[in-house]
Protein chains: 2
Amino acid sequence: MAKDRSDPPRPADRPAYEQVKDWIRGHIARGDWKPGDPVPSEAALMARFAVSRMTAHRALRELATEGLVTRVQGSGTTVAQLHRISSRLVIRDLHEEVAERGHVAGTRVLTVAQEKAGAEVAAALGLRKGARVFHTVLVHLENGVPIQYEDRYVNPLAAPDYLATDFATTSPTSHLLRCAPLTEASYSIEACLPRAAEARALAMTTAEPCLVMVRRTVSGAHVASIARQLYPASRYSFTGAFQA
Amino acid sequence: MAKDRSDPPRPADRPAYEQVKDWIRGHIARGDWKPGDPVPSEAALMARFAVSRMTAHRALRELATEGLVTRVQGSGTTVAQLHRISSRLVIRDLHEEVAERGHVAGTRVLTVAQEKAGAEVAAALGLRKGARVFHTVLVHLENGVPIQYEDRYVNPLAAPDYLATDFATTSPTSHLLRCAPLTEASYSIEACLPRAAEARALAMTTAEPCLVMVRRTVSGAHVASIARQLYPASRYSFTGAFQA
DNA sequence: CAGTGGTCTAGACCACCGA
DNA sequence: CGGTGGTCTAGACCACTGG
């Protein structure tokens, strides 16, 4: 998962295309080449590094997918306009994350039910109003402290045996990933004040803010699930890093 | 930036390695191959698609960097354990984002100053306590409505002429990106209640929550800047999508 | 038109894993 | 040991851009 930035570059055995990438990255990072400036062409790199065109091409192609340079066929390669700060926001299974911190994960099950979908839920899941849907409300704990309140609706067509899950040991996410391979998802990160019941479940007051992750996942032809996850702001934040 | 999902696959002209990727992706999405299952080897793909090894290799390599499959030298390629929902969270220039929505961006300048760094700021910027730092406080507007309160400290070593910027027309981000090429950044997304002054500047009450983006950017040897950006939760959220 | 990048092949050598 | 992936080469054809 994490790139090993530990050992600098073992000089010799580093692949040629990586050496080319490093050289270009260095010039960009050092500011020798500013956004918009041309980057040496594949032919130039072939000469300078005594590599084949495939190798030079691979170096530039990877830098392009990393967003550092822009390539235009027929025109050339240039340093990308803005090195946009962009980083992979990974939405992981919370239990996994807690376990990785060496802490104990727990779950309190508040609701596990089959319901008739209201208008909003039905629309979000792509079902008719009144259709049968699964509904769970769970509180996830880290070392006994509540860190997430999860309100989720699941489409029975995507996960018929969802309610049979033992939520104390298996998180909804991991069950869904297993039986409904993920093809698409969208999310939104918001902030809000918790409702009374939510605050109670999270052992906080209704005056303290929460981070909210609202998520909609699609599996093949079906919307699999919509979830609303509340995190007490005092105990959780989303973090990330970026480098290049 | 966005992948074009508009036109299905133009059958003929689609590159061979993309066709191979699509075929594998399809089997994974459809659930034919579950996490942990083996994916056809390069040799098998060569035979099935009548392509060279380089082409088969490229297909598998790209799927691996996309996180869909796991490759182990000497062992083989398997479907990745969890299709983690991961998506690129792009941190863009706010003015750009507003302009893209067809709205009018504006900026209100509250503070532009040179100060002596307090202990915390100095530590975060990697300077001695009392060192000279630049400090700006701005409010960014969309169609005249405040959407971001930005409190930022800048390292003079990274951007000596920062204070000379006309912040009404140039955002700090774009100035910094121009004069201090970005090599590294980390961020954290939190939620909080605004302080009185912040709430006033954002035309909100101190009881309404804010989304907070805390960011630290590194340029070469220097920490370039630390910023704390408050968004009224009622007017802004971070969104993203993922597909594979 | 020459120069660029986009793709592809047939072959090669190596390092690694598992039986 | 055979099968796997990781890298690399020398050459090829194409599509596009720019002067």
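Sequence lines set the chain letters: A, B, ... in the order given, protein chains first and strands last, and positions in each chain run from 1.
- The closest donor-acceptor contact from the side chain of B/Asp166 to the backbone of B/Ala168 lies under 3.5 Å.
- The terminal axes of the helix from C/dC1-D/dG18 to C/dG18-D/dC1, fitted over 5 pairs per end, subtend an angle of 10° to the nearest 10°.
- Between B/Asp37 and B/Lys34 there is no salt bridge, since no side-chain N of the basic residue sits under 4.0 Å from a carboxylate O of the acidic one.
- Using a cut-off of 4.0 Å between Lys/Arg side-chain N and Asp/Glu carboxylate O, B/Glu66 and B/Lys21 are scored as salt-bridged.
- Residues satisfying the side chain to side chain donor-acceptor pair (under 3.5 Å) test with A/Asp32, not counting sequence neighbours, are A/Arg30.
- A salt bridge is absent between B/Glu18 and B/Arg58: the closest approach of a Lys/Arg side-chain nitrogen to an acidic carboxylate oxygen does not fall below 4.0 angstrom.
- Contact check on B/Arg101 versus B/Glu142 returns a salt bridge, with a Lys/Arg side-chain nitrogen under 4.0 Å from an Asp/Glu carboxylate oxygen.
- For A/Glu42 and A/Arg61, the salt-bridge test fails: no basic side-chain N is under 4.0 Å from an acidic carboxylate O.
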Quick tally for nucleotides 3-11 of chain C: nucleotides whose base has a protein heavy atom under 4.0 Å get B, sugar-phosphate-only ones S, the rest -, giving BBBBBBBB-
